[in-house]
A.B. asks: 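This is the structure I want to talk about, given as structure tokens.
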Amino acid sequence: MAKRIQFSRTGGPEVLELIEAEPSSPGTGEVRIRNRAVGLNFIDIYFRTGLYPAPSLPSGLGTEGAGVVDAVGEGVSHLKPGDRVAYAQGPLGAYAEYHTLPADKVVVLPDGIEFETAAGCMLKGLTVQYLLRQTYPLEGGETILFHAAAGGVGSIACQWARELGVKLIGTVSSREKADLAEKNGAWATIDYTKEDVVERVRELTNGEMCDVVYDSVGKDTWETSLDCLKKRGLMVSFGNASGPVENVNIGILNQKGSLYVTRPSLNGYADTRERLEMMCNDLFGVLESGKVRIDIGQRYSLAEAAKAQEALAGRKTTGSTILLP
Ligand code: NDP
């Protein structure tokens with residue numbers, strides 16, 4: 001028997017239960033992983049609340065983790081028991097001591113990358129990889145606005161943008177978060193609880209505004225974000241921390257300067273084994289070179305998953321948060 005988190009109905013953090021269950025055996029093309037560290041992500045909250053429907057209930061939760069291959073199903077050739085691995089996609093159920101998933105979603109970890117680092121960056125770091133390197137291939141010299149710059153995704157984005165020579169303006173809700181984002185390489189920060197974001201962006205850019213806005217806050221920031229763009233700039237709406245953006249009149253893109261908009265996801269970019277490996281090579285490269293470091297701001301036990309999610313939703317966390325099984 002082994003511990004895992006499950007939920008039988010959608011709702012608040014209280015719906016998460018710690019149960020004991022027999023870990024499932026890997027089927028054809030699958031592997032079972034003994035997790036050493038599990039990543040906590042905002043998407044886990046969307047599944048728990050029902051904003052994103054789980055395929056069935058009761059359901060496991062979580063898609064990011066790192067550990068050791070424990071058992072291998074038929075037809076798997078690139079992994080063997082004992083391999084150190086990590087993953088960020090596949091079925092819900094990473095909040096567990098053991099997780100069984102398709103082997104083609106699992107990558108071998110370079111020796112220099114620890115389990116906690118991997119669990120803190122597989123989903124968030126691959127997201128930053130596609131946002132900065134693919135959705136808009138930044139070349140250096142651009143000015144971008146990145147919301148939640150002291151969060152899990154944001155902390156990695158600040159460092160990677162600095163490495164690319166990009167001026168990242170980060171939004172944050174406190175002085176402490178501003179300090180953290182700046183330490184990570186944000187060119188400037190805006191405390192949206194005290195300052196007008198559009199006006200500050202105008203000042204900081206001498207009226208030029210931003211080439212790209214990366215907005216994971218959603219409902220609360222949609223219009224502000226559009227107002228921070230240059231003519232023909234790109235709005236990347238990639239999350240819903242404040243709720244989803246709904247009922248958009250496409251004419252607003254014309255009114256605010258012939259803007260572009262995209263709503264991307266990791267699964268839409270890491271959609272083949274080849275693309276997943278290319279993105280991991282890029283991420284592992286910046287980690288191994290020391291250009292990007294993963295700041296584990298909080299650690300919780302698996303049993304404290306509800307408490308950890310409350311902290312994430314309550315804007316109490318910085319950097320990445322991991323659960324230790
Ligand atoms: P974070 O660590 O960034 O936590 C969320 C942060 O968002 C908070 O700390 C807070 O920072 C800010 N925030 C602003 N408004 C709210 C609000 N109403 N409620 C809660 N937080 C708010 O989380 P993650 O790194 O896990 O994820 C960041 C975002 O990226 C999420 O929206 C997530 O869904 C999205 N994402 C999207 C992916 C994709 O492929 N599309 C993949 C991975 C993540 P502050 O206090 O400074 O405002």
Side-chain angles (χ1 to χ4, degrees), residues 13 38-49 51-52 61-64 88-89 94 119-135 145-160 168-182 184 186 189-195 197 213-222 224-225 235-245 261-271 275-276 279 283 294-298 300 308-323:
V38 173
L40 185 83
N41 288 284
F42 230 94
I43 192 170
D44 310 337
I45 298 175
Y46 306 147
F47 279 112
R48 190 204 72 214
T49 60
L51 176 66
Y52 293 176
L61 194 58
T63 50
E64 181 181 44
Q89 296 171 288
C121 79
M122 277 299 285
L123 200 152
K124 301 165 192 74
L126 291 176
T127 298
V128 174
Q129 197 284 337
Y130 83 70
L131 290 174
L132 303 192
R133 311 291 286 142
Q134 301 188 63
T135 305
L145 182 71
F146 208 105
H147 290 290
V153 174
S155 294
I156 300 171
C158 288
Q159 299 174 68
W160 209 323
L168 181 150
I169 304 173
T171 72
V172 290
S173 66
S174 68
R175 185 63 247 167
E176 295 69 34
K177 288 187 177 186
D179 289 343
L180 185 67
E182 284 167 23
N184 280 330
T189 53
I190 303 175
D191 181 341
Y192 65 86
T193 65
K194 298 197 177 79
E195 299 172 290
V197 174
V213 173
Y214 294 99
D215 185 337
S216 63
V217 176
K219 184 160 71 84
D220 287 357
T221 47
W222 165 253
T224 303
S225 293
M235 165 70 166
V236 184
S237 175
F238 72 100
N240 324 283
S242 67
V245 177
V261 65
T262 182
R263 176 54 175 95
S265 72
L266 178 60
N267 287 341
Y269 278 83
D271 61 336
R275 291 182 56 80
L276 173 64
M279 292 167 67
L283 173 63
I294 303 307
D295 168 22
I296 310 286
Q298 302 69 216
Y300 292 89
Q309 288 199 348
E310 253 173 329
L312 183 63
R315 309 182 209 197
K316 304 271 191 318
T317 63
T318 55
S320 296
T321 302
I322 55 168
L323 304 176

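Counting starts at 1 for both ligands and their atoms, in listed order.
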A.B. asks: Are side-chain heavy atoms of Val245 and Met235 found at a separation under 4.5 Å?
C.D. replies: no

A.B. asks: Below 4.0 Å from any atom of ligand 1, which residues have a heavy atom? Give them in chain and number order, please.
C.D. replies: Asn41, Phe42, Tyr46, Leu123, Thr127, Tyr130, Ala148, Gly151, Gly152, Val153, Val172, Ser173, Lys177, Tyr192, Ser216, Val217, Phe238, Gly239, Asn240, Ala241, Ser242, Arg263, Pro264, Ser265, Leu266, Leu312, Ala313, Arg315

A.B. asks: Report, one line per pair, each donor and acceptor closer than 3.5 Å where one atom sits in a side chain of residues 145-152; sequence neighbours left out.
C.D. replies:
{"from": "His147", "atom 1": "ND1", "to": "Thr171", "atom 2": "OG1", "distance (Å)": "3.0"}
{"from": "His147", "atom 1": "NE2", "to": "Ser225", "atom 2": "OG", "distance (Å)": "2.9"}

A.B. asks: Answer whether the closest heavy-atom distance between the side chains of Leu126 and Gln89 falls below 4.5 Å.
C.D. replies: no

A.B. asks: Considering residues at least two apart in sequence or located in another chain, which fulfil the side chain to side chain donor-acceptor pair (under 3.5 Å) criterion with Tyr130?
C.D. replies: none

A.B. asks: Would you call Ser174 and Thr193 a side-chain contact if the rule is heavy atoms closer than 4.5 Å?
C.D. replies: no

A.B. asks: Run the side chain to side chain contact (heavy atoms under 4.5 Å, CB included) test against Glu182 and tell me which residues pass, sequence neighbours left out.
C.D. replies: Arg175, Ala178, Thr189

